[in-house]
Amino acid sequence: MSKVKPIGPIPDGYEGRDGELVVGGLSASELVARHGSPLFVYSKGLLTKRIDALRANMPEQLHIHYAMKANPFGPLLSHMIGLVDGIDIASGGELKMALEAGADAGHISFAGPGKRDDELRQAIKAGVTINIESPSECDRALDIGSREGIKPRLAVRVNPDFDLKGSGMKMGGGAKPFGMDTDLVAPTVQKIIAANAHWRGFHIFAGSQALKADAIIETQAQTIALAARLAEEIGHSPEHVNLGGGFGIAYFPGDQPLDIKEIGTALKHQLSKLPAILSHTQFALELGRYLVGEAGIYLTRIVDRKQSQGETFLVTDGGLHHQLAASGNFGTVIRRNYPVAIANRYGKPAEEVVSIVGCLCTPLDLLSDRAEMPAAQVGDIVAIFCAGAYGATASPANFLGQGAADELLVD
Ligand SMILES: *Cc1c(COP(=O)(O)O)cnc(C)c1O
């Protein structure tokens, strides 16, 4: 017997019906029969529910932005645009997708190091807010604005002098390619104001994928204090402060869902005692995976079942070319199992220990390592949960000539 490895927790909202996983009223077998496999399925209902619950817990005046790099699928993006207060983009390509999906340019902000002149030009022409990442990027944006005869809307992205503790990906604290160090912020804002551009405020993003409410609360307090300190130094109030995000989701065994009630309570308190210089400032959170990650699943069909040296392998028609993160090769140090199920034997008791692999000819293509599952056969369907964020968009679809999986938004 090989050693059993646990799987991550299956997110709330996934029901079984007659032994089938059901999403948006359709069973996994129906979905695959109609749309083929492999297939990403995203649930409108779960997306809406997630944002409603978040708003119910957060301060009323707080804006919620969607960082679309987590999932830029057009129909999902259009649905999200109707639910959030702003869309955060990170490239000219995302700008095009956001506008096509119906986003209002006035509610888009554009962050990311290495914005090209043509991307800055498109953004300035469209009227989106650009989060300026360096003094030289500021000069380029001002120059493009004056050549186009348009007053650019510019916020300054700050590399905070702290990080989000316990976050999966640190984006602040220490030397970073993101934003500018705090001592560069005031002179850059002065330059924006002197050039008669529209200074929108600050963007301060300290990290991603945190599951500890305390750490997020501490970071939000530090972020507000930093914004106040910088505003005092500049001598002007920012219209807008993007507080970053960092809200994580439970992917792995032992992960506990984030306590958003605790965060909301603390943030309400913070916003009720703002320093005078921030008293008219609009605050926003920018979230990616927290909004969309749990609302998506990846379905892939078993094409072979084989034994090797006493271990059982279920070989699927999917793999890391669609779900790189589940294989442990997207920003994780130690590989652990995502939440996984046999979708057409949903809720059935575990009967055997199996490894679920993709169809790629590389040992990296491991979707689930030695987990306990009901006995599955060729033709059965594997569901990988937490596939709504950094799935299709963050996987090497062309690897081995496989191509992209279809994506589907259901009710
Ligand atoms: C990637 C990114 C996000 C989204 O991160 P999540 O972990 O998906 O919430 C938000 N803001 C910025 C600046 C980012 O780079």
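Hydrogens, waters and symmetry mates play no part in the numbers below; they use all other heavy atoms, side chains included. Numbering of ligands and ligand atoms starts at 1, following listing order.
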Item to complete: Evaluate the ring planes of Tyr290 and Phe247, with Trp represented by its six-membered ring, and classify them as parallel (under 30°), tilted (30 to 60°) or perpendicular (over 60°).
Response: perpendicular
Quick look: Ala67 vs ligand 1, heavy-atom contacts under 4.0 Å, and the answer is side chain
Hits for side chain to side chain contact (heavy atoms under 4.5 Å, CB included) against Ala195, two or more places apart or cross-chain, chain-then-number order -> Leu142
Closest heavy-atom approach to atom 13 (C) of ligand 1 among Glu286, Met68, Arg289 is made by Glu286
Check your understanding: Parallel under 30°, tilted from 30 to 60°, perpendicular over 60°: which one fits the rings of His322 and Tyr298?
Key -> perpendicular
Any nitrogen or oxygen of Tyr290 lying under 3.5 Å from a nitrogen or oxygen in ligand 1? Just yes or no. no
ask   = Within less than 4.0 angstrom of ligand 1, does Phe205 place any heavy atom?
value = yes
> Counting both backbone and side chain atoms, is some N or O of His203 under 3.5 Å from an N or O of ligand 1?
Replying inline: no
Subject >> Tyr390 near ligand 1 by a heavy-atom separation under 4.0 Å >> reply: yes
If we number the atoms of ligand 1 from 1 as shown, the ones under 4.0 Å from a heavy atom of Ser208 are 5 (O), 6 (P), 7 (O)
Here the side chain to side chain donor-acceptor pair (under 3.5 Å) pairs for residues 93-113, sequence neighbours left out, are Asp88-Ser109, Lys96-Glu100
Give a yes or no on whether a salt bridge exists between Asp117 and Arg121, defined as a side-chain N under 4.0 angstrom from a carboxylate O. no
Check your understanding: Could Asp12 and Lys49 be called an ion pair, given the rule that one side-chain N must be under 4.0 Å from one carboxylate O?
Key -> no
